Amino acid sequence: MSEVSKQSIADSIDIGEPIVELRGVSKRFGSLEVLRDVSVKFRRGETAVIIGASGAGKSVILKHIVSLLKPDSGEVYCGGERIDTMSERELVGVRTRFGFLFQMGALFDSITVGQNVAFPIVEHTRRSKTDIAKTVSQKLQMVGLEGLQDKKPAQLSGGQRKRVALARAIALDPEIILYDEPTTGLDPIRSDVINELIIKLQRELGVTSIVVTHDMASVRKIGDRVVMLHEGKFIFDGTPKEMETSDVKIVRQFVEGRAEDEQLAGIRLKGKP
Ligand SMILES: Nc1ncnc2c1ncn2[C@@H]1O[C@H](COP(=O)(O)OP(=O)(O)O)[C@@H](O)[C@H]1O
Ligand SMILES: [Mg+2]
């Protein structure tokens, strides 16, 4: 796809003003060039899906968005503020605008579900115990797990743990939720529960969602917009429907599930389910 048509597609999905922007971001690890002059805007209220092969740099993109990684060159903006040059201290406030569901969705195993969800609230606010308990209950209700406060993470299924991690990600009422492969390792039914939740949170909380996935069912179900990362660049930017009919070879492979097979093979090699 030419730069021109990519631009017109991006402009036609004008959901809101840009809330997150990468401008000319490049990043390498040693000799590995992961991002090459990447520019992308995510708009307020949209659900954008990032696809791409395993190792393409999708998680690296998310980490730049919350400034867990710094670009070698280029700029990162959140709500119009440049964040890649901020100190860790300045970033504390910026990061509370984000909810981050990490790839491994790690919960603290030694504390209860309720304490896990309460964790960011205790870290970042001085709210009372009663007030925190009320919020925890609200957030758990949102993900359909109200009443499980006193369980330990080990007592839950994989899908439930993901939902607890999601309740924790929304504990501080973020404006933007970043999801890193939220359905990986879940069966289709549990994956669909997560997809429904992503849609629900976007509708009910009005959040901007940026979702990394290799799950085509998720892309079709939740995406307002899909961007595809390949060899350090975004090679596609359009709606899921436009993705289905794209004549870009790499996009076609992905849609037809060939890239997905490769990726699953990669995951198996790493010893994940
Ligand atoms: N902190 C790091 N140090 C060195 N290499 C890294 C680091 N983070 C990511 N990489 C490498 O960058 C590439 C992209 O990683 P990642 O964004 O995790 O891929 P994915 O698209 O699967 O999420 C991979 O080859 C990975 O090994
Ligand atoms: Mg990743």
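Remember, it's 1-based here, ligands and their atoms both numbered in the order they're listed. All of these numbers come straight from a predicted model, not from anything done at the bench. The chain is numbered in sequence order, starting from 1.
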Below 3.5 angstrom, do we get any N/O pair linking [X] and ligand 1?
X     : result
Gly55 : yes
Ser59 : yes
Val34 : no

> Between Val60 and ligand 1, which part of the residue brings a heavy atom under 4.0 Å of the ligand: side chain, backbone, both or neither?
Replying inline: both

> What part of Leu229, side chain, backbone, both or neither, has a heavy atom within less than 4.0 angstrom of ligand 1?
Replying inline: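 Neither part.
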
>> Under a 4.0 Å threshold between the charged nitrogen and the carboxylate oxygen, would Lys129 count as salt-bridged to Asp131?
In response: no

> Do NZ/NE/NH1/NH2 and the carboxylate oxygens of Glu256 and Arg252 come within less than 4.0 Å?
Replying inline: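 Yes, charged N to carboxylate O under 4.0 Å.
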
> From the Mg ion (ligand 2) out to just under 2.8 Å, does an N/O/S atom of Ser59 turn up?
Replying inline: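 Of the N, O and S atoms in Ser59, at least one lies under 2.8 Å from the Mg ion (ligand 2), which means yes.
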
>> I need the full list of side-chain hydrogen bond (donor to acceptor under 3.5 Å, both in side chains) pairs touching residues 27-39, with sequence neighbours left out, sorted by first then second residue.
In response: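 Sorted result for residues 27-39: empty, none.
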
>> Tell me which pairs pass side-chain hydrogen bond (donor to acceptor under 3.5 Å, both in side chains) where either residue lies in residues 66-76, with sequence neighbours left out.
In response: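 Counting only pairs at least two positions apart or across chains, the side-chain hydrogen bond (donor to acceptor under 3.5 Å, both in side chains) contacts touching residues 66-76 are Ser67-Lys70, Glu75-Tyr77.
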
>> For Lys151, is the NZ atom crowded, meaning more than 12 foreign heavy atoms sit under 6.0 Å from it?
In response: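 Not buried by this count: 12 neighbours or fewer within 6.0 Å.
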
Looking at [X], which atoms of ligand 1 are within less than 4.0 Å of one of its heavy atoms?
X     : result
Ala53 : 21 (O)
Gly57 : 14 (C), 16 (P), 17 (O), 19 (O), 20 (P), 21 (O)
Ser54 : 22 (O)

> Is it the case that Arg168 places NZ or CZ above or below the six-membered ring of Phe108, under 6.0 angstrom from the centre and within 45 degrees of the axis?
Replying inline: yes

> Passes ring-ring contact (aromatic ring centres under 6.0 Å, His included), Phe234 versus Phe236? Steps please.
Replying inline: CA-CA 6 Å; Phe234 281 115; Phe236 177 83; over 10 Å; no

